[in-house]
> 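This is the structure I have questions about; it appears just below.
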Amino acid sequence: MEIKGSVSVPPLDALAVRTLRRRLLRWFAAFQRDLPWRKTRDPYAIWISEVMLQQTQVATVIPYYNRFLIQLPDIKTLANADIEAVLALWAGLGYYRRAHQMHRAAREILVKHDGQLPSRFAELLRLPGFGPYTAGAVGSIAFGQRVPAVDGNVLRVMTRILADNRNIRAPETQREFRAAAQDWLPSRRVGAFNQALMELGATICTVRNPQCRICPLNAVCRSFQTGTPMQYPVRTRRETRRHLYLAAIFVVSDRNQVLMARRPSAGLWAGLWELPSLEVSGSAGPPGDRWAMQMGRELGIVLRHPQPVKRINHTLTHREITVWIYAGMVPGRRDRGHHSSVRAAIRVPASGLWDHYADIQWMVDPHQLPLSVLAKKQLAAVQAPERRTVRPDEI
DNA sequence: GATCCGTGGAC
DNA sequence: TGTCCAAGGAT
């Protein structure tokens, strides 16, 4: 087994860098895609787009971006909005920490920067949710600062041009590519240059089937010259997904309200709502009645012959999730209409569920809440019209 | 440095 | 059905 080389390669010479700048900018001017965030110079709008685009494809972002800017058109509006409203606009996009951090950053900008995004890279970098990429992108695109914006696209383009086989997952490698990208920057039109590198990666220098024959940079691309573009970039393999088993309860009151729980403000699906659920020990089959009974007891709810009415599977980058949904029934007197909170209504001792969740509420229309995709799957499974809603007293 | 954090597109 | 991986950041 040969040890993979991980030695840094020689940089492009000055002539090649000048050629690259000229050809890339010319190509970008002619062929760039028509995207919503390219129609504005508003730093706030550019910021929103950059955060949404983190690890998220362009086509997915566009509708979210448009809705978000209509509802929250400026920093002050965002800062003064409830986090619940921000999450509602984010629901379905994933990585909900981004929404929380953007909200916090807006408030910080209001207090510390007089409501204006700072223009300097170092100050942007201090804001919540701003890393080297986002600070570079906003700094260069919105403010013309001469700083690189190195994302996954740029890493792919650069490793192919340089034929550099170092692991791009390593932070040190990424730092060195940011330094190299800094050297590639022209003295002006830096925002266009950074976007052009990303655009090339997104449309020409793609992961699969790169279009090298029409690439404006093929004359300066080492991997094209050796016919090896598909060997780049090199990255260490991800660890395999771990399996997570959950038991959830679907409880409908005699007023047709559904019991919903709001997740804590950190961690998985931070701040979003779902059916109350507990992690159960790993097993391929349904975990058994006792989990549902336990949840019922903790919530002060009678579960009559609880059965797993549905199984949901959901895959995340790092997790494979199986949710067994149990149906439950509420005691006749529990819903008197003047309690907004279950905790107030039924006086339960401190328990796992109450400690875990930020809130638990009865909801007539759970879809009004910010829901994760998994939560929507849960509701769709138990409320699917063609399957007829499973009522607790029917099991 | 390794791990966590979502979802959907592409193949 | 499985795998990879997107305009990454925080811990």
> Any chance you could pull the hydrophobic cluster mates of Leu125(A), using side-chain heavy atoms under 4.5 angstrom and chaining through other members?
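Its cluster mates, by chain and number, are Phe121(A), Val147(A).
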> Expressed in whole Å, how much space separates the P atoms belonging to dA7(C) and dA10(B)?
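Approximately 12 Å lies between the P atom of dA7(C) and that of dA10(B).
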> Name the nucleic acid region contacted by Val207(A), choosing base, sugar-phosphate or nothing; use a 4.0 angstrom heavy-atom cut-off, strictly under.
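Sugar-phosphate, no base atom in range.
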> Answer with base, sugar-phosphate or nothing: what part of the nucleic acid does Arg319(A) contact at a heavy-atom distance below 4.0 Å?
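Sugar-phosphate contact only.
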> Would you jot down, in residue-number order, the residues of residues 26-45 of chain A having a non-hydrogen atom under 4.0 Å from DNA chain B?
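Of all residues in residues 26-45 of chain A, none places a heavy atom under 4.0 Å from DNA chain B.
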> Heavy atoms only, 4.0 Å cut-off, all strands: where does Leu268(A) land among base, sugar-phosphate and nothing?
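Sugar-phosphate contact only - Leu268(A) comes under 4.0 Å of backbone atoms but never of a base.
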> Here's one to test your reading of the geometry: is the NZ or CZ of Arg189(A) within 45 degrees of the ring axis of Phe193(A) and under 6.0 Å from its centre?
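The answer is no, since Arg189(A) fails at least one limit relative to Phe193(A).
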> Ring centres of Tyr65(A) and Trp37(A) under 6.0 Å apart?
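Centroid separation for Tyr65(A) and Trp37(A): below 6.0 Å.
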> What is the first contacted nucleotide of DNA chain C and what is the last, in 5' to 3' order, if contact means an atom lying under 4.0 angstrom from a heavy atom of chain A?
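The contact span of chain A on DNA chain C goes from dC4(C) to dA10(C).
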> Might you point out which heavy atoms bring Ala137(A) and Glu50(A) nearest each other, and give the distance in Å?
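The pair with the smallest heavy-atom distance is CB-CD, 3.6 Å.
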> Residues of residues 127-140 of chain A with any non-hydrogen atom less than 4.0 angstrom from an atom of DNA chain C: list those, numerically ordered, please.
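Pro128(A), Gly129(A), Phe130(A), Gly131(A), Pro132(A), Tyr133(A), Thr134(A), in order of number.
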> Without decimals, in angstroms, what is the distance between Gln55(A) CD and dT3(B) C1'?
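Distance check: Gln55(A) CD to dT3(B) C1' gives 14 Å.
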> When rounded to the nearest 0.5 angstrom, what distance separates CG in Leu78(A) from NZ in Lys76(A)?
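These two atoms lie 13.0 Å from each other.
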> Using whole Å, report how far CZ of Arg169(A) lies from P of dT3(B).
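Going from Arg169(A) (CZ) to dT3(B) (P), I get 11 Å.
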> Please list, pair by pair, any protein nitrogen or oxygen found under 3.5 Å from a nitrogen or oxygen in nucleotides 8-11 of chain B.
{"residue": "dG9(B)", "atom": "O4'", "partner": "Gln57(A)", "partner atom": "OE1", "Å": "3.1"}

> Taking only heavy atoms on the protein side, list every residue of residues 103-112 of chain A lying under 4.0 Å from any atom of DNA chain C, sorted numerically.
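Within residues 103-112 of chain A, no residue comes under 4.0 Å of DNA chain C.
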> If you look at every strand shown and take non-hydrogen atoms under 4.0 Å, does Gln101(A) touch a base, only sugar-phosphate, or nothing?
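Counting heavy atoms under 4.0 Å across all strands, the contact made by Gln101(A) is with sugar-phosphate only.
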